[in-house]
Amino acid sequence: MGTAAVPRRFCRCACFCSENLYVARYGLHVRFRSEQQLRQDYEPILRSRGCVSPKDFQQLLGELEQEVERRRQLGPESAARKALIASSYRPARPEVYNLLQEATLAPEFLAAAEYSASSGADLKGLLQRLETVSEEKRIYRLPVFTAPFCQALLEELEHFEQSDMPKGRPNTMNNYGVLLHELGLDEPLVTPLRERFLQPLMALLYPDCGGGWLDSHRAFVVKYAPGQDRELGCHYDNAELTLNVSLGKAFTGGALYFGDLFQVPSTLAKPLEVEHVVGQGLLHRGGQLHGARPLGTGERWNLVVWLRASAVRNRLCPMCCRKPDLVDDEGFGDGFTREEPATVDVCALT
């Protein structure tokens, strides 16, 4: 199955500025349009989680208003950071910016991708070439990068972190890490990884989730360390599919946990816990509820790639669960397009 031609313009859904705003202090995602709506929809649960006094609520209100404004300015500000980094930043490991070579990929990952792209490949054959973490939840694992490449990428990321270059938040829940498109690693690293290697894998593993029609992504590295982010609340990704690769370093704790799909009511009473393995990547559906347990010691860095298929999300925004209200955006935006890829049979995705 071929990759759909990349449309000229990608968009986001207007709900980005009002839906799924994360309040870490209360462990809650909220929809926010006005103070009256916030009180009406969330006052009981907020009170149960410690937002009791008028001062607590006004502090929360200010934080939400600030987050809405940050999201509105995100596209232009990100483009400005990327331009400044491209003109002024001097990498410590320039080789990681070279076009992705097979030598940087783990042999197991190459074998699985090559098999998936071969004539006659099927799911049964692919599953023999990777680890099934959970058949029920359709979570899989396999090595992705070689150890030397993980080390080189980590050194480059730490060098950038210590520089005086501007840095954007990886996503709305993590405060520490790097947006790879701002650093200039989308084109040489992530795009060929998606197009050449992940696409054939995902087409066999997740044909019902748009795995064969991935036409954009959002890639970032998240960092967990003492005094910084140490854990991650339960959430689902703004993606059809997700790749999560453990880059290092030495650490204890921080295991991922998985519940059901977000559309399925779940108490997460008995979530599936999965330990990180440095150099290996987990593959899962974006709609799978998940989070990260508290870090014990050390530092944990993970490369996360949200894989998106406009043929799927153009029909239903995964964040507001409505027909997307499209707004033009920078780069890949949030993976929506104003037109369907011409080669996609959307009936095959239902």
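The basis for the numbers below is simple: all heavy atoms, side chains too, and nothing from hydrogens, waters or symmetry mates.
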The salt bridge (Lys or Arg N to Asp or Glu O under 4.0 Å) partners of R285 (sequence neighbours excluded) come to none

Exercise. Relative to F336, does R12 satisfy both conditions: NZ or CZ under 6.0 angstrom from the six-membered ring centre, and within 45 degrees of the ring's axis?
Worked result: no

Contacts of E77 meeting salt bridge (Lys or Arg N to Asp or Glu O under 4.0 Å) (sequence neighbours excluded), chain-then-number -> none

Apart from L46 itself, members of its ILVMFWY cluster (side-chain separation under 4.5 Å) are L21, V23, Y26, L28, V30, F32, L38, Y42, I45, F57, L60, L61, L64, V68

Connected to F16, directly or through other members, by ILVMFWY side-chain contacts below 4.5 Å are L74

Checklist entry - Is the count of non-hydrogen atoms from other residues, nucleotides or ligands lying under 6.0 Å from E273 atom CD greater than 12? => result yes

Can you see whether N238 engages R313 through a side-chain donor-acceptor pair at a distance of less than 3.5 angstrom? yes

Quiz item: When you look at CD of Q73, are more than 12 heavy atoms from neighbouring residues, nucleotides or ligands closer to it than 6.0 Å?
Solution: yes

Hits for ring-ring contact (aromatic ring centres under 6.0 Å, His included) against F145, two or more places apart or cross-chain, chain-then-number order -> F149

Quick check, are the ring centers of W306 and F220 under 6.0 angstrom apart?
yes

Next on the checklist: Within the 3.5 Å criterion, strictly below it, is a donor on S78 or E330 matched to an acceptor on the partner's side chain?
Outcome noted: no

Exercise. Do Y140 side-chain atoms and L127 backbone N/O form a donor-acceptor pair below 3.5 Å?
Worked result: no

Worksheet item: When you check the side-chain N and O atoms of N302 and S246, is any donor under 3.5 Å from an acceptor?
Response: no

Report yes or no: do H217 and D186 form a side-chain donor-acceptor pair below 3.5 Å?
yes

For a quick check under 3.5 Å, do N314 and T337 share a side-chain donor-acceptor pair by atom type? yes

With sequence neighbours left out, the residues meeting ring-ring contact (aromatic ring centres under 6.0 Å, His included) with Y22 are H29

The ring-ring contact (aromatic ring centres under 6.0 Å, His included) partners of H284 (sequence neighbours excluded) come to F258, H290

Name each donor-acceptor pair under 3.5 Å that joins a side chain in residues 103-116 to protein atoms two or more places apart or in another chain, with its distance.
unit_1 : atom_1 : unit_2 : atom_2 : d
T104   : OG1    : Q101   : O      : 2.8
Y115   : OH     : D122   : N      : 3.1
Y115   : OH     : D122   : OD1    : 3.2
S116   : OG     : A112   : O      : 2.8

Residue set satisfying side chain to side chain contact (heavy atoms under 4.5 Å, CB included) with S216, at least two apart, ordered chain then number -> F10, R308, F332

Review point. Are L289 and M319 in one and the same hydrophobic cluster, where Ile, Leu, Val, Met, Phe, Trp and Tyr link if side-chain heavy atoms are under 4.5 Å apart?
Key: yes

So side chain to side chain donor-acceptor pair (under 3.5 Å) across residues 151-163, not counting sequence neighbours, yields Y89-E156, R93-E155, Y97-E156, Q151-E155, E158-K249, E161-K223

Residues at least two apart in sequence or cross-chain that pass side chain to side chain contact (heavy atoms under 4.5 Å, CB included) with P54, listed by chain then number, are none

Note: G27 and R49 closest approach over all heavy atoms is O-NH1, 2.7 Å

With sequence neighbours left out, the residues meeting ring-ring contact (aromatic ring centres under 6.0 Å, His included) with Y236 are F262

query = Would a hydrophobic clustering, with Ile, Leu, Val, Met, Phe, Trp and Tyr connected at side-chain separations under 4.5 Å, put M165 with L157?
reply = yes

